[in-house]
Protein chains: 2
Amino acid sequence: MVVDTSLSEADVDRLFHALADSTRRDIVRRSLSVEASISELALAYDMSFAAVQKHVAVLEEAGLVTKHPRGRERIVRGNAAAIGTAKALLDKYEEIWRSRIDRLDALLAQHTTEDTSCQSPQSRRTSPRSR
Amino acid sequence: MVVDTSLSEADVDRLFHALADSTRRDIVRRSLSVEASISELALAYDMSFAAVQKHVAVLEEAGLVTKHPRGRERIVRGNAAAIGTAKALLDKYEEIWRSRIDRLDALLAQHTTEDTSCQSPQSRRTSPRSR
DNA sequence: TGTATCTACAACCATTTGGTTGTACGTTAC
DNA sequence: GTAACGTACAACCAAATGGTTGTAGATACA
């Protein structure tokens with residue numbers, strides 16, 4: 001699944017920062033499962049309503065949650081797409097790692113070739129994955 | 001791929017917090033690609049050596065990077081496993097989202113059944129995925 | 001209408017964060 | 001041996017973070 005990752009560095013900062021708090025992660029979990037008002041969410045935590053309200057605001061800024069007015073309430077709904085975005089970002093890092101391994105393998109293959117026979121420019125195309 | 005996610009909430013805090021800074025993310029990228037000493041890394045950023053040193057320490061605490069002494073240098077190496085751990089955590093959130101959709105589908109199917117015929121306790125087992 | 005509920009937001013406070021400079025210490029190189 | 005290099009770490013500072021209380025505006029309900 002390709003996710004359009006047109007995020008500024010500041011956006012990514014906000015995304016991971018929002019995830020870097022256990023209360024906020026729990027709010028994400030809950031609101032991904034069952035949408036709830038802020039006051040309903042606040043009942044679950046040992047802190048003031050205003051504190052929970054701030055956490056929801058941080059999550060909303062990061063795109064991990066959306067708020068929808070319903071009467072006097074604000075219904076909080078988790079946004080799975082933002083989770084996908086975060087995963088896509090991490091995929092890029094794993095890709096960097098994998099290409100590094102490939103480069104190392106290619107280098108190793110080249111050296112091995114140089115040791116056994118001599119310069120044969122076509123080295124192994126499919127480098128075996130190492131550890 | 002199943003990743004053993006035996007992390008405390010504080011560990012997860014550290015992991016995502018470490019990722020919530022563009023300088024640190026860049027250090028992760030670099031060190032996943034090419035291992036480098038701290039002073040080599042420091043050349044790339046418009047801040048003091050000590051500041052980069054602190055960023056590396058934060059990354060090391062989070063497990064995103066390891067340090068290895070080589071002479072007077074400390075070689076920084078990115079840890080792809082930690083990236084995988086973070087992705088596995090996010091997968092759990094997506095799983096919550098998916099099971100919520102399944103529940104909604106099941107509920108909808110049940111209501112539809114009740115509307116068309118009358119009480120038939122065995123509702124559809126395989127709920128169709130919606131949107 | 002009046003009251004209770006839900007939310008928004010400001011002001012405040014303690015702690016953490018992200019940066020700095022300075023000093024000390026082990027290692028490398030001349 | 002001495003000078004230069006790479007690192008560790010402490011002390012300091014401004015800004016951000018995570019919490020609080022208090023006040024005020026909408027909305028629901030008796």
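First the proteins, then the strands, lettered A, B, ... as listed; each starts at 1. For the numbers below, each heavy atom of this structure counts, side chains included, while hydrogens, waters and symmetry mates do not.
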Taking NE2 from B:His68 and P from D:dA8, how many angstroms apart are they, rounded to a whole number? 13 Å
In whole angstrom, what separates B:Leu41's CG from D:dG6's C1'? 13 Å
For A:Asp13, the salt bridge (Lys or Arg N to Asp or Glu O under 4.0 Å) test, sequence neighbours excluded, returns B:Arg25
How long is the line joining CD of B:Glu60 and P of D:dC9, in whole Å? 10 Å
Under the rule for salt bridge (Lys or Arg N to Asp or Glu O under 4.0 Å), what residues qualify as partners of A:Arg77, not counting sequence neighbours? A:Glu35
Tell me, for nucleotides 6-11 of chain C in 5' to 3' order, what letter each nucleotide earns: B for a base near a protein heavy atom under 4.0 Å, S for only sugar-phosphate near one, - for neither? SBBB-B
Detail all sub-3.5 Å separations between protein N/O atoms and N/O atoms belonging to nucleotides 13-16 of chain D.
none

Classify B:Arg70 by what it touches in the nucleic acid, base, sugar-phosphate, or nothing, heavy-atom distance under 4.0 Å. nothing
Salt-bridged, A:Arg30 to A:Asp26, with N to O below 4.0 Å? yes
For C:dG18, does OP1 or OP2 lie under 4.0 Å from any side-chain N or O of B:His17? yes
Minimal heavy-atom distance between B:Ile83 and A:Leu90, with the atoms involved, is CG2-O, 3.5 Å
Considering only residues two or more places apart or on different chains, which pairs with a residue in residues 43-66 of chain A satisfy salt bridge (charged side-chain N to carboxylate O under 4.0 Å, His left out)? A:Glu60-A:Lys67
Between A:Ser37 and A:Arg70, a side-chain donor and acceptor under 3.5 Å: no
With sequence neighbours left out, the residues meeting salt bridge (Lys or Arg N to Asp or Glu O under 4.0 Å) with B:Arg74 are none
Please report the distance, rounded to the nearest Å, between CZ in A:Arg24 and C1' in D:dG19. 12 Å
How far apart are the C-alpha atoms of B:Glu95 and B:Arg98, what are their side-chain angles, what is the distance that settles it, and do they pass the salt bridge (Lys or Arg N to Asp or Glu O under 4.0 Å) test? CA-CA 5 Å; B:Glu95 173 58 33; B:Arg98 244 174 287 117; 2.7 Å; yes
If you compare every side-chain N and O of B:Ser48 against the phosphate oxygens of C:dG19 (OP1, OP2), does one of them come in below 4.0 Å? no
Mind calculating the distance between CD (B:Glu61) and P (C:dT16) to the nearest angstrom? 14 Å
